[in-house]
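Note sheet for the following structure.
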Protein chains: 2
Amino acid sequence: MPKHAGIHDVARAAGVHPSTVSRVLNARTRHLVTAAVAARVAAAARRLGYTPDPVAAGLRTRRSRAIGVLIPDLANPVFPPIVRGIESVLTDAGYTAVVANTDNEPARARAALERFAARRVDGLVLATALRRDALIARVKALGLPAVLVNRTIEAGAIPAVVNDDAGGIALAVNHLVALGHAAIGHVAGPQRLSTGAARRAGYLAAMKASGIPARGAPVAAARSYDIAAGAQAARALLDARPHLTAIVAANDLLALGCYDELARRGLQCPRDVSVVGFNDMPFADRFSPPLTTVHIPHRLLGVEAARLLLEAIERSGAPAREVRLAPRLVVRGSTAGPRQKPVAPGARLAQRGRRSSPGQPPPRTAAGAPRQRYR
Amino acid sequence: MPKHAGIHDVARAAGVHPSTVSRVLNARTRHLVTAAVAARVAAAARRLGYTPDPVAAGLRTRRSRAIGVLIPDLANPVFPPIVRGIESVLTDAGYTAVVANTDNEPARARAALERFAARRVDGLVLATALRRDALIARVKALGLPAVLVNRTIEAGAIPAVVNDDAGGIALAVNHLVALGHAAIGHVAGPQRLSTGAARRAGYLAAMKASGIPARGAPVAAARSYDIAAGAQAARALLDARPHLTAIVAANDLLALGCYDELARRGLQCPRDVSVVGFNDMPFADRFSPPLTTVHIPHRLLGVEAARLLLEAIERSGAPAREVRLAPRLVVRGSTAGPRQKPVAPGARLAQRGRRSSPGQPPPRTAAGAPRQRYR
DNA sequence: GTGAAAGCGCTAACAA
DNA sequence: TTGTTAGCGCTTTCAC
């Protein structure tokens with residue numbers, strides 16, 4: 001059984017009343033106490049190994065100093081750095097971050113939210129937001145300060161830290177256009193998520209800005225942000241438009257799905273089709289080929305979200321700011337100029353081992369690709 | 001301001017005494033109450049949206065129903081699945097998992113432990129254990145039930161869920177020997193960690209069992225489990241033994257470091273040197289070449305750890321069991337038979353683009369490698 | 001089977 | 001400046 005010294009023990013040892021001990025230990029009230037007494041109390045506390053119980057304190061003050069963090073999928077490598085950013089800021093501010101996984105299921109998110117509410121968390125960081133999210137209404141009903149991170153909601157009177165998704169996709173599209181591509185398709189993310197919708201819109205806008213007509217900008221949306229869904233969407237996209245020379249994927253996992261579908265068709269990346277991802281997840285530089293992608297400042301996203309939340313907790317009247325972080329393009333080995341002649345639709349596995357035709361720019365292979373390390 | 005209905009509100013609404021409400025809501029005491037009254041109370045509770053406050057309850061019962069989880073590095077992809085396994089078991093059992101990152105720094109681990117203790121967690125899951133870990137003494141002094149996961153301590157009277165590290169490494173060594181390798185080196189992990197030490201010992205034992213003399217089993221230990229340290233160790237290893245045809249790395253990140261060092265020397269994997277990793281981290285099948293590695297059941301590791309902890313909490317007299325999970329080898333593209341003639345020590349970048357000599361078994365390339373998906 | 005009362009460890013108001 | 005008192009929301013004796 002854990003045995004903790006209580007405030008009474010310290011008070012007895014220091015020969016003062018418990019409330020004095022409390023005053024000494026609380027930064028806001030320490031100045032109300034004689035230096036001599038404060039020293040005596042501090043000494044007794046140290047001697048007894050006394051740790052104030054923040055839970056009991058919270059019961060009285062109605063502040064738990066705990067923050068609930070909702071993550072859609074910890075196994076998606078984008079989120080751990082975000083979590084660490086959140087955690088580091090909150091810990092430094094004296095809060096405890098309690099993170100829960102939702103597996104992208106609204107029901108789990110709801111359940112986790114209720115557990116957080118029951119534990120009387122002081123605020124929430126939500127990385128799970130849908131564009132139209134019933135959870136938000138519940139959060140507001142509970143009166144809990146909350147900040148969204150990475151994903152945001154449609155009509156947002158709630159602070160959020162997001163990427164410039166449209167701007168990031170424009171970077172990708174422009175990179176491909178500069179390489180000489182015109183037949184560029186988009187494997188979009190789930191349209192119920194702000195990232196999926198914003199990146200899709202950004203793709204369409206960037207294509208238009210490049211003078212490519214709307215019908216030359218095909219899109220297939222994936223049902224979720226994972227490899228299998230990416231492969232499925234790429235398949236639909238390439239079935240409809242076999243002559244595409246480049247694909248902009250809405251995130252890196254979808255890009256990996258594109259890799260798979262290209263391989264299945266006997267097409268090589270980037271020789272036959274260039275692929276760009278989004279997020280620059282850890283190890284994206286290790287893929288085969290190393291993935292050209294849009295880098296987002298993962299950790300900073302978490303840091304800013306936590307700061308915004310602390311701000312919202314301090315003065316609850318503050319307006320709901322949205323912080324938008326700038327992404328940047330990281331060029332690796334999955335993009336190259338288009339081939340002179342697009343591959344025939346029937347091209348199959350036989351082609352796999354073939355070397356690039358002479359006269360073409362040499363394909364960038366995994367080994368030869370310019371490699372840029374993450375971090 | 002969050003507004004929660006309290007037990008008194010429910011009592012008033014149901015026309016009973018608060019203690020009766022408490023009895024109804026507590027599974028252990030519900031049978032002490034009339035069915036009629038119980039129904040009335042339940043209805044009132046639902047109507048008011050009453051959620052019992054586990055924190056206040058904990059103050060009284062001295063059980064917080066919270067478990068602290070210490071993770072060395074969430075950004076290492078091995079840990080998220082472990083965390084999810086832990087979380088799912090604990091959540092189902094009515095506990096809240098509070099996870100903290102230690103960045104592999106004992107001081108942070110200690111600080112996090114003290115925060116956990118202050119919050120009166122009911123138990124701990126530690127993924128951070130050093131072979132000789134001062135933290136453990138503190139945990140025992142606090143009287144907290146604890147379970148180790150993945151890493152364990154030297155002299156262990158504390159329950160743990162670990163991999164059969166030696167057995168896993170034997171799988172790797174035997175695989176290489178079967179391919180015809182004899183000049184096999186080991187890039188070991190940090191020797192202050194049980195995984196680093198056990199895998200090193202396993203390597204030496206397996207080499208010996210294969211009839212390879214001890215001096216033919218060179219080892220270089222990395223300072224930490226990351227890519228840079230792996231590259232550094234591989235460098236030392238190859239400087240000392242330039243004729244190695246295979247390297248067994250103590251984990252996947254170290255294996256990636258080996259990839260880097262081989263590339264730097266103008267050597268190709270697996271043509272010139274085969275590499276085996278350990279852990280089968282997510283996306284290991286995506287590397288270039290896809291990594292042959294020892295798969296460990298990440299999620300199950302977490303699940304078992306959580307179960308063991310719950311067991312330890314229920315009956316604190318239980319003996320400290322150690323659960324050892326069996327790994328399995330996953331063969332991908334980073335291993336192949338050795339070349340007839342080892343590459344000359346001076347071989348350099350010029351060699352990079354060279355095709356494999358005729359008459360050799362064709363190197364397994366990324367595209368052609370047998371690929372086995374994780375999950 | 002139900003009500004009454006005390007108290008978990010702490011803080012905040014008020015009194016001295 | 002320090003002590004006193006009440007009570008945060010709950011559980012658990014103990015009476016009835």
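Just the heavy atoms: all of them, side chains too, but no hydrogens, waters or symmetry mates, feed the values below.
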> Tell me: CG of B:L48 to P of D:dG9, nearest whole Å?
Replying inline: 14 Å

>> At 4.0 Å (heavy atoms only), tell me whether A:V55 reaches a base, stays on the sugar-phosphate, or touches nothing.
In response: nothing

>> Please classify the nucleic acid contact of B:S19 as base, sugar-phosphate, or nothing, using heavy-atom distances under 4.0 Å.
In response: base

> From the list D:dC10, C:dA12, C:dC10, which nucleotide is the closest neighbour of the side chain of A:A57?
Replying inline: C:dC10

>> Between B:D122 and B:R65, is the salt bridge (Lys or Arg N to Asp or Glu O under 4.0 Å) condition met? List the steps.
In response: CA-CA 6 Å; B:D122 292 340; B:R65 298 215 149 259; 5.9 Å; no

>> How many whole angstroms separate atom CG of B:L59 from atom C1' of D:dT12?
In response: 13 Å

>> Tell me the interatomic distance from B:H31, atom NE2, to C:dT2, atom P, rounded to whole angstroms.
In response: 13 Å

>> Mind checking if B:T20 touches a base, just sugar-phosphate, or nothing, with heavy atoms under 4.0 Å?
In response: sugar-phosphate

> For the side chain of B:V37, counting heavy atoms from C-beta on, which of D:dT2, C:dC10, C:dT2 is nearest?
Replying inline: C:dT2

>> Let's see if you can work this out: which of C:dA12, D:dC10, D:dT5 has an atom nearest to the side-chain heavy atoms of A:H17?
In response: D:dT5

> Given D:dT11, C:dA12, C:dG3, which nucleotide is nearest the side-chain atoms of A:N26?
Replying inline: C:dA12

> Can A:R307 and A:E311 be counted as an ion pair, charged N to O under 4.0 angstrom?
Replying inline: no

> What is the distance from CG of A:L25 to C1' of C:dA12, rounded to the nearest Å?
Replying inline: 16 Å

> Looking across every strand, which nucleic acid part, if any, lies under 4.0 Å from B:S22 by heavy atom: base, sugar-phosphate, or nothing?
Replying inline: base

> Between B:S64 and B:Y95, do the side chains contain an N or O donor and an N or O acceptor separated by less than 3.5 Å?
Replying inline: no

>> If you assign each of B:A56 and A:P18 to its closest nucleotide in DNA chain C, which residue comes earlier from the 5' end?
In response: B:A56

> Phosphate oxygens OP1/OP2 of D:dC10: is one of them under 4.0 Å from a side-chain N or O of B:T61?
Replying inline: no

>> Under 4.0 Å from OP1 or OP2 of D:dT11: is there any side-chain N or O of B:R62 that close?
In response: no

>> I'd like to know if B:R138 and B:E114 make a salt bridge, using a cut-off of under 4.0 Å between side-chain N and carboxylate O.
In response: yes

> Are B:E154 and B:R132 close enough, and set up right, to give a salt bridge (Lys or Arg N to Asp or Glu O under 4.0 Å), and what steps lead you there?
Replying inline: CA-CA 6 Å; B:E154 198 81 317; B:R132 313 186 58 195; over 6 Å; no

>> For a quick check of understanding: with a heavy-atom distance under 4.0 Å over all strands, which category does A:P52 fall into, base, sugar-phosphate or nothing?
In response: sugar-phosphate

> On a plain distance test, is the side chain of A:R23 in donor-acceptor contact with the base of D:dG3 below 3.5 Å?
Replying inline: yes

